Amino acid sequence: MVASTEVLRQYYPFQSRFTQVSRQRMHYLDEGSGEVLLALHGNPTWSFYYRNLIKQFRGQYRLVVPDHIGCGFSDKPNDRQYSYRLEQRVHDIEALVSQLNLKDITLVLHDWGGMIGLAFATRNPHLIKRIILMNSSGFPLPRSKSFPLALALSRTPVIGALLIRGLNAFALTASWVCCQRHRLPRSLRKLYRLPYNTWQQRIAVHRFVQDIPLSNKHPSWQLVEYTSQHLDQFKNIPFQIIWGERDFVFDRHFLAEWQTRLPQAEVHSFPDAGHYILEDLGDEAISLMREFLKRHPL
């Protein structure tokens, strides 16, 4: 662990900050000054995913990058202490934004961060000025898309827990397959998995998979449906989509749905890139974001 911590500092040289949300301690980064970029990660990543974006943008922007509860260096409570549902996640972001008095926000969203961030945005549209989205959703599974077998297996009682929490199969597999253009080196794969090295520390990784709503009987369906029905309000703000087409979940079916719902969005799609856009595309993705922000000043 000491060696891993020393390596982490090389890649992640930021000051950790903490606040209380939902009676839990949330870890977040708050780097730079200027216009606010609120960057929300997905599963099974953490704020580490945004490290290079922070390094390149903190000279011009203020980047607020939380670890969702159960992720990264935030608390990892049990199910009696925290619900691990989408509704709770959105409340957490609302609490953080309120505590930090964030306004005129540009959302930077990836994976589950997209669903959480867009649900937050539809409930607080007055706070949102621009949105940058990477391989994510803001609506139920498209009708043309089959639910991936690997995710279905991960949701299977007993088997899912053994795979995700026992063998760490979800995080291990993600660190291998989510980069298609440039494979992650071993050192980075280990750092992505660093906060998830015990059964208890992997609770959020498992709960995120279980919280994907596939029908209106699921507890999170109503909020996903509400968000889906209110996406059209983002037709009037700058919206950028950066997409890796070699993503086994957020593939061309999801991208097509986005282009139907928000035809005015600026889309950059890469046939050879995978799910971890900021790893696969690196500076190319960051340059696209920088140009987008310059073209759409607040």
Side-chain angles (χ1 to χ4, degrees), residues 4 7-14 16-17 26-32 37-58 61 63-74 89 92-93 96 106-118 131-137 168 170-197 201-202 204-205 208-209 240-244 246-247 249-250 270 273-290:
S4 297
V7 174
L8 178 62
R9 292 195 190 102
Q10 299 174 20
Y11 289 96
Y12 190 82
F14 311 117
S16 289
R17 302 174 188 271
M26 171 181 276
H27 171 262
Y28 69 99
L29 304 176
D30 193 342
E31 297 278 327
L37 273 60
L38 175 61
L40 303 181
H41 70 82
N43 184 42
T45 59
W46 52 293
S47 53
F48 184 78
Y49 176 75
Y50 288 110
R51 67 193 184 283
N52 293 323
L53 183 70
I54 297 171
K55 292 173 185 176
Q56 293 203 36
F57 277 14
R58 62 183 171 183
Y61 301 100
L63 292 104
V64 177
V65 188
D67 286 332
H68 301 302
I69 299 301
C71 304
F73 296 141
S74 291
R89 300 293 190 186
D92 294 346
I93 298 305
L96 178 67
T106 297
L107 289 173
V108 183
L109 309 172
H110 179 245
D111 190 82
W112 260 105
M115 192 69 250
I116 296 167
L118 292 169
I131 296 176
I132 298 173
L133 182 85
M134 297 167 281
N135 287 62
S136 185
S137 183
N168 204 18
F170 195 84
L172 281 166
T173 302
S175 67
W176 275 104
V177 306
C178 287
C179 287
Q180 294 289 323
R181 180 187 285 191
H182 301 294
R183 295 292 186 183
L184 280 178
R186 183 170 181 268
S187 58
L188 289 182
R189 294 199 307 271
K190 290 179 67 175
L191 291 176
Y192 266 107
R193 301 193 301 264
L194 181 65
Y196 309 117
N197 59 9
Q201 289 181 351
R202 296 169 193 151
V205 179
F208 266 126
V209 175
Q240 183 185 55
I241 298 173
I242 305 177
W243 205 266
R246 296 186 66 185
D247 185 330
V249 177
F250 299 108
F270 296 86
H275 183 60
Y276 287 178
I277 288 295
L278 287 178
E279 300 293 352
D280 244 3
L281 299 182
D283 289 347
E284 187 174 358
I286 293 174
S287 293
L288 289 171
M289 295 180 189
R290 181 182 291 110

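Not measured: the values here are computed from a predicted model.
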About how many Å separate CD of Gln201 and CG of Leu194, when rounded to the nearest 0.5 Å?
8.5 Å

Any chance you could measure Leu40, atom CG, to Ser136, atom OG, to the nearest 0.5 Å?
9.5 Å

Tyr11 vs Leu191 side-chain heavy atoms within contact, under 4.5 Å:
yes

Side-chain contact test, heavy atoms from C-beta onward, threshold under 4.5 Å: evaluate it for Asp111 versus Tyr276 and give yes or no.
no

Please report the interatomic distance CD1(Ile132) to CD1(Ile241), rounded to the nearest 0.5 Å.
11.5 Å

Parallel, tilted or perpendicular: which one describes the rings of His275 and His110, with boundaries at 30° and 60°?
tilted

How many angstroms lie between CZ in Arg181 and CZ in Arg246, if you round to the nearest 0.5 Å?
11.0 Å

Would you check if Arg89 and Ile69 make a side-chain contact, meaning some heavy-atom pair closer than 4.5 Å?
yes

Interatomic distance, Gln240 atom CD to Leu133 atom CG [nearest 0.5 angstrom]
10.0 Å

Among Tyr196, Tyr12, Tyr192, which residue meets the ring pair (Phe, Tyr, Trp, His ring centres under 6.0 Å) test with Trp46?
Tyr12

If you compare all heavy atoms of Asp67 against all heavy atoms of Phe73, which two are closest, and at what distance to 0.1 Å?
OD2-N, 2.9 Å

Ion pair check, Arg51 and Glu279, cut-off under 4.0 Å:
yes

For a quick test of reading the model, state the closest non-hydrogen atom pair linking Gly244 to Ile277 and the distance between them.
N-CD1, 3.2 Å

Atom CG in Asp283, atom CG in Asn52: separation rounded to 0.5 Å?
7.5 Å

Please check if the number of heavy atoms outside Lys55 that lie under 6.0 Å from its NZ is greater than 12.
yes

Do Leu38 and Ile93 have side-chain heavy atoms sitting under 4.5 Å apart?
yes

